[in-house]
Each structure stands twice: as structure tokens, then as C-alpha cells.
Amino acid sequence: MDPSDLRRKFNRFRILIIGRANAGKTTILQRVCKTRENPEIYNSAGEKIDLAVLMASRERGEHDIENEMVFRNNPGFVFHDSRGFEAGGKPEFEKVKAFIASRSKRRSLSDRIHVIWYCIPMDEDSRSFTAAEVDFFSRCDTGSVPVIVLFTKFDALYDDEFEELTKKGVSRNAAQALAAQHAKEAFVDGPQVKLLYNRKGNQCPPRCHICLPDMDKDGADCGPLIERTAETLDDNTLKQLFVSTQRTTLELCVRYAVER
């Protein structure tokens with residue numbers, strides 16, 4: 001199907017983003033939509049929610065996962081946020097499960113969730129998995145909706161590798177140059193990856209994961225996330241919809257146009 005025809009028929013690609021507070025979720029969504037503006041929020045009836053009303057609800061601990069986040073710079077992406085799920089309580093977990101079960105079976109393709117991005121930060125205070133994260137990958141069956149784990153703030157691991165290298169006598173300049181690659185290599189067999197894929201009881205492991213450093217910096221590259229998401233989508237219609245909606249990499253559009 002031609003991309004323009006596809007967008008007319010299925011005009012929205014819908015993503016559920018899960019993660020603790022301060023996991024860098026909003027920053028990643030801004031990078032994906034190539035904007036620094038905050039999203040506009042709509043309720044399930046399509047009515048825009050006043051920001052003051054929304055903030056008051058959040059202060060009371062209220063949050064509706066059905067609310068839609070849309071960035072004016074790219075309204076083709078619709079995001080749902082599981083804010084509050086990081087608390088690990090049973091009610092929050094059950095709400096997320098019910099939302100995934102309901103949204104994965106909607107009749108209209110535009111109303112379904114198409115992929116789940118699960119953000120786990122790697123800054124120093126957050127490297128251990130929370131009970132909510134363990135629970136999700138143990139008991140939350142997402143059916144045909146692929147889950148991609150985003151290890152955010154991955155550049156925090158560079159400092160650890162820098163210190164280890166300098167302790168071994170490597171010069172500071174050389175250690176600075178080598179730290180990123182060493183962190184990536186060490187992470188491949190690290191405890192976080194083992195917990196995701198090899199932990200006993202993990203009945204619902206993610207489809208894949210990606211490491212995202214420096215998303216808070218100017219010029220941050222979310223291209224690898226876009227490419228990995230496209231690769232993970234099994235349905236060709238969804239793949240085309242995602243590729244035609246994203247505006248991060250023109251090369252990806254050209255590649256899939258040629259392959260199609």
C-alpha cells in the first residue's frame with residue numbers, strides 16, 4: 001500500500017510507554033517527534049485536557065492510561081503513559097494488563113496499541129530492577145504486541161568504565177575514548193540482560209532491547225530506536241505505518257520503500 005494511502009486509512013501509530021518516574025520517557029518521545037515542546041493531552045473522547053486540571057489530578061495520584069499524548073510536530077504518533085505503574089501495586093499492574101488486553105484487540109487498527117516501549121534507567125540509583133518490572137516480565141502477556149526494553153540513561157555506565165580503565169593504568173584521554181565501547185560490551189552479558197531473558201519465571205520476556213545514551217543532549221540520535229522498532233514489527237502494514245509516520249530517518253523510509 002502506498003504510504004499516503006496507508007496514512008489516510010490508518011492515520012495513527014499508537015505506542016504504550018512504561019517506566020518509572022525520571023526514566024527519561026518524555027525526553028525520548030520528544031526526540032522521536034523531533035520537538036522540545038511538551039505533548040498535548042486528550043481524553044478517550046478526543047477532548048483536550050487542560051494542563052492545570054491534569055497537574056491537579058496527578059498531585060492527587062490520579063492518572064488515566066487511556067489519555068493520549070500527542071506532539072503537534074508529529075500527530076501521527078499517539079502515546080499512552082502508564083504513569084504510576086512504577087509503584088508496583090497490584091491495582092496499577094492490573095490496570096496496565098487490562099489496557100493492553102483491551103487495546104490489542106480493538107477492531108480498528110488505529111485504536112490498537114502497536115508496540116510497547118518499556119524504559120529502564122541505568123543511572124546509578126536505578127540499575128536494580130523494581131518489583132513492578134519483574135512482575136511485568138513474569139506475568140504480563142502482551143499477546144501479539146511486541147515489547148522493546150529501552151535502557152535509558154545508558155551513558156551513566158560510561159563513568160563506571162572510565163574509572164575501571166583509569167585504575168588499570170589507562171590514560172584519561174584513552175579511557176574517555178574507550179569507555180562507551182567497554183560499557184556496551186560488558187552490558188551484553190550483564191545482570192540486567194540476564195534478568196530479562198534468562199531469569200526463571202520470566203514467562204513474558206521482551207522481543208528485544210536497546211541501549212539509549214545521551215538522549216538529553218543536543219543532537220541526540222534516536223535512529224537506532226526507530227530502526228529496532230521497525231525491525232520488531234511482524235505485520236507489514238504496521239511496519240509501513242510506523243516507517244511512514246516517523247520523521248527521524250529518511251534512509252529508513254527509502255529502504256523499506258525499496259524492499260516493498
Side-chain angles (χ1 to χ4, degrees), residues 15-36 38-39 69 79 81-88 115-138 147-199 202 205-229 232 248-249:
I15 298 172
L16 170 62
I17 188 162
I18 302 177
R20 326 167 195 177
N22 301 314
K25 292 180 289 183
T26 301
T27 300
I28 288 169
L29 300 186
Q30 288 172 327
R31 293 290 180 264
V32 168
C33 292
K34 303 186 78 171
T35 184
R36 290 191 176 275
N38 287 322
M69 297 190 295
F79 302 101
D81 182 9
S82 69
R83 184 183 300 273
F85 180 51
E86 64 269 12
V115 70
I116 299 170
W117 288 344
Y118 201 123
C119 298
I120 301 177
M122 287 291 103
D123 50 337
E124 190 167 356
D125 296 331
S126 307
R127 292 176 193 168
S128 298
F129 280 21
T130 65
E133 288 156 359
V134 172
D135 220 18
F136 182 88
F137 295 111
S138 299
V147 179
I148 303 174
V149 168
L150 282 53
F151 287 111
T152 62
K153 304 185 179 182
F154 192 77
D155 49 294
L157 299 182
Y158 299 173
D159 294 337
D160 295 349
E161 291 299 327
F162 176 82
E163 289 184 16
E164 288 297 317
L165 288 165
T166 53
K167 285 178 183 178
K168 294 176 181 178
V170 178
S171 72
R172 294 181 66 84
N173 286 342
Q176 192 73 43
L178 293 169
Q181 186 59 35
H182 277 233
K184 293 172 186 175
E185 291 172 356
F187 196 76
V188 170
D189 295 314
Q192 290 85 6
V193 172
K194 289 179 179 177
L195 183 62
L196 274 184
Y197 300 105
N198 301 326
R199 176 183 175 276
N202 264 26
R207 189 76 61 89
C208 62
H209 69 272
I210 187 168
C211 303
L212 295 176
D214 300 320
M215 286 292 107
D216 59 330
K217 294 181 171 57
D218 290 337
D221 180 17
C222 66
L225 170 60
I226 297 298
E227 294 202 20
R228 184 63 59 86
T229 302
T232 303
T248 300
T249 167

Any idea which heavy atoms bring Glu161 and Ala186 closest together, and the distance? OE2-CB, 4.0 Å
For Phe129 together with Phe137, are the ring centres under 6.0 Å from each other? no
Can you tell me how far CG of Leu178 sits from CD of Gln181, rounded to the nearest 0.5 angstrom? 9.0 Å
Kindly say whether Ala23 contributes a backbone atom to a donor-acceptor pair with the side chain of Thr152 at under 3.5 angstrom? yes
Decide yes or no for Met122 and Leu212: does some side-chain heavy atom of the first lie under 4.5 Å from some side-chain heavy atom of the second? no
CZ of Arg31 to CG of Leu29, rounded to nearest 0.5 Å, is 11.0 Å
Are Leu196 and Val149 close enough, and set up right, to give a side chain to side chain contact (heavy atoms under 4.5 Å, CB included), and what steps lead you there? CA-CA 9 Å; Leu196 274 184; Val149 168; 3.9 Å; yes
Whether the side chain of Asp155 engages the backbone of Asp214 through a donor-acceptor N/O pair (distance < 3.5 Å, no angle test) should be reported. yes
Between CZ on residue Arg36 and CG on residue Asp218, distance to nearest 0.5 Å: 4.5 Å
Minimum heavy-atom separation for Ile28 and Cys119, please, with both atom names. CD1-SG, 4.3 Å
For the CZ atom of Phe79 and the SG atom of Cys33, what is their distance to the nearest 0.5 Å? 4.0 Å
Please state whether the rings of Phe187 and Phe154 are parallel, tilted or perpendicular, taking 30° and 60° as the class boundaries. perpendicular
Please check if the number of heavy atoms outside Lys168 that lie under 6.0 Å from its NZ is greater than 12. no
Under 4.5 Å between any side-chain heavy atoms of Arg20 and Pro121, yes or no? yes
Ignoring hydrogens and angles, tell me if any N or O in the side chain of Lys153 forms a donor-acceptor pair with the backbone of Asn22 under 3.5 Å. yes
For the backbone of Gly19 and the side chain of Lys25, can you confirm whether one donor and one acceptor N or O come within less than 3.5 Å of each other? yes
Taking the side chain as every heavy atom from C-beta outward, state whether Pro206 and Tyr118 have any atom pair closer than 4.5 Å. no
Heavy-atom side-chain proximity of Val193 to Val188 below 4.5 angstrom: no
So, taking the atom named CZ in Phe162 and the one named CZ in Arg172, what distance separates them when rounded to the nearest 0.5 Å? 4.0 Å
In the structure I gave you, are the side-chain heavy atoms of His182 and Leu165 within less than 4.5 Å of one another anywhere? yes
List in chain and number order the residues that pass ring-ring contact (aromatic ring centres under 6.0 Å, His included) with His209, two or more places apart in sequence or in another chain; answer none if no residue qualifies. Phe151, Tyr197
Which residue, Leu225, Ile18, Leu16, forms the side-chain contact (heavy atoms from CB on, under 4.5 Å) with Trp117? Leu225
Are Ile148 and Cys208 packed together at the side-chain level, in the sense that at least one heavy-atom pair is separated by less than 4.5 angstrom? yes
Is there a donor-acceptor pair closer than 3.5 Å between any side-chain N or O of Arg228 and the backbone N or O of Ile210? no
How long is the straight-line distance from OG1 of Thr229 back to CD1 of Ile116, given to the nearest 0.5 Å? 12.0 Å
